[in-house]
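Below, read A as the first sequence line, B as the second, and so on, with proteins coming before strands; counting in each chain starts at 1.
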Amino acid sequence: MDKLDMIFERMLSSRIFRNREVLRPDHVPDELPHREEQILKLGAILAPALKGARPSNVFIYGQTGTGKTAVAKYVLRRLKAKAGDKVITAYVNCREADTNYRVLADLCSFLDIHVPFTGLSTAEVLRRFIKGLDRKGKLMIAVLDEIDALVKKSGDAVLYHLTRINASLERSRLSIIGITNDLKFTEYLDARVKSSLGEEELVFPPYTYEELKDILDMRAQEAFHEGVLEEGVIPLCAAIAAKEHGDARKALDLLRVAGEIAEREGATKVTEEHVRKARRELEKDRVVDVLRTLPLHSKLVLLSVYRLEKLRIREITTGEIYNLYKELCKALGLDPLTQRRVSDLISELDMLGILNARVISRGRYGRTRRIRLGISERSLKEGLMEDPSVRGLVHWSLLSS
DNA sequence: AATCCACAGGAAGTGCTGGGCG
DNA sequence: CGCCCAGCACTTCCTGTGGATT
């Protein structure tokens, strides 16, 4: 091995990580601690598939990072291993495929049916799906993950059709596993869909602090070299995640990023300080990432809020923002959007946590929203500076009066 | 008790994109 | 080719409202 090889080799062979992939959020491990009960229950529900019978539809509830997706994927994998070609398993993330059309198109792809990503009517895609599935003469088990996102955005029409599809199938059958982290969302569902989809229900409780520690311990053995984690690291990750509704994904993210930071610094050990840095970095990355990809007019709205805060305006309202926003548009030679639209943009920014907007009534002086910035000045600048069309305005906003 | 502000936020419609079908 | 479709960003028009002021 020559010197160059050694440089490459040092890069390649991490002193920290053995295999960081097992800390990634979409990794499904061979063992899921503290989910035995859910695994067995889901397995029991799906077991009839082995004899060619149609399992009941299942509804899975639980907060983010409680293992819903991992358990569903895990059980399906095991089932598939036993059943072989007799069953077709499908997984659709409804946050990504968040329209009726796309969900159906995604399902079709598991049957090797090509559908264009636009152009057909939804009814036509449904027809093709039914025809394609029936031709297979098999059972299909379809996981619809984050199903609440679909229903909130596009209604339950597709779910209605999918739950009734078995009536139109002669040789095949379809079972649906719906996953949601929003417990209240079934209120939006048609009663028939609700009862059909909820033939069986599974609840995933949040992980406790102790359980999170177990999960991290197990994964850390695979992910890190021996002895690189300082003693308090895993407890700290678990404690932070336990506070946020027992979110295992968060715990794993913290551990992974802490490791990455340690590696970048050339440290030989991962310390609690690395975890604290990781926490800050994860939060900042999230915000900056959202900011960067914001449409231009949302950025201008945001800059207006920023400017008004700089001017120490006591109560920033929709109207004040709109006035300033119009000026920014003029300065850039853009046609301003209507106030109605800007009001919606403010709501979107509120939902992203970038702004805090609260409806208040000032009596005689009307009903409006009081709006404040929900992120640090540093994140805001970092997120907006690289957009050439607003960079100048960021500087301008810094000047007072 | 009535008024009225400054909007919130629903409903419906428009124009455009990117694609299909016959 | 002309027409249709879904989705999106946006506009237009609208009704509703909490509470300080009259």
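Using a 4.5 Å cut-off on side-chain heavy atoms (C-beta onward), A/Ile234 and A/Asp217 make contact.
Applying side chain to side chain contact (heavy atoms under 4.5 Å, CB included) to A/Phe59 and the options A/Thr180, A/Leu202, A/Val203 leaves one that passes, A/Thr180.
Computed from coordinates, the A/Glu315 CD to B/dC5 C1' distance equals 14 Å when rounded to whole Å. Atom pair A/Arg362:CZ and B/dA8:P shows a separation of 10 Å (rounding to whole Å applied). The interatomic distance linking A/Arg127 (CZ) with C/dC5 (P) rounds to 15 Å, in whole Å. A/Leu120 places its CG atom 12 Å from the P atom of C/dG7, with the value rounded to the nearest Å. Atoms CG (A/Asp344) and C1' (C/dT11) sit 11 Å apart, rounded to a whole Å. For the pair A/Tyr322 OH and B/dA8 P, the interatomic distance rounds to 12 Å; values are reported in whole Å. Regarding A/Leu104, its CG atom lies at a distance of 17 Å from the P atom of B/dG20, rounded to whole Å. The CG atom of A/Asp335 sits 17 Å away from the C1' atom of C/dT12 (whole-angstrom rounding).
In the interface, the side chain of A/Thr118 is paired with the base of B/dG18 through a donor and an acceptor atom under 3.5 Å apart. For B/dG10, its base sits under 3.5 Å from the side chain of A/Arg340 at one donor and acceptor pair at least.
A/Thr368 comes within 4.0 angstrom of sugar-phosphate atoms only, judged by non-hydrogen atoms across all strands, and of no base. Using a 4.0 Å heavy-atom distance criterion, A/Gln339 is classed as a sugar-phosphate-only contact. A/Arg370 comes within 4.0 angstrom of nothing in the nucleic acid, heavy atoms only.
Taking for each of A/Thr318 and A/His114 the nucleotide of DNA chain B with the nearest heavy atom, the 5'-most of the two is the partner of A/Thr318.
Contact between the side-chain N/O atoms of A/Thr338 and the OP1/OP2 oxygens of C/dT11 is found at a separation under 4.0 Å. Phosphate proximity of C/dA6 to A/Thr99: absent, as no side-chain N or O sits under 4.0 Å from OP1 or OP2. Under 4.0 angstrom from either OP1 or OP2 of C/dT17 there lies no side-chain N or O belonging to A/Arg367. Remark: A/Arg369 is in phosphate contact with B/dA8, judged by side-chain N or O atoms under 4.0 Å from OP1 or OP2. An OP1 or OP2 oxygen of B/dA8 is reached within less than 4.0 angstrom by no side-chain nitrogen or oxygen of A/Ser347.
Of the candidate nucleotides B/dA8, B/dA6, C/dC8, B/dA8 has the atom lying nearest to any side-chain atom of A/Val359. The listed nucleotides are B/dG18, C/dG18, B/dT3; the one nearest the side chain of A/Phe117 is B/dG18. Picking from C/dG19, C/dC8, C/dA20 the nucleotide with the shortest atom distance to the side chain of A/Ser361 gives C/dG19.
Open room surrounds CD on A/Glu37; 12 or fewer heavy atoms of other groups in view lie less than 6.0 Å from it.
With A/Arg102 contributing its side chain and A/Ala97 its backbone, the two residues share no donor-acceptor pair below 3.5 Å. The backbone N or O of A/Ile16 lies less than 3.5 Å from no partner atom in the side chain of A/His225, so there is not a single donor-acceptor pair.
A salt bridge links A/Arg24 with A/Glu21: the distance from a Lys NZ or Arg NE/NH1/NH2 to an Asp or Glu carboxylate oxygen falls below 4.0 Å.
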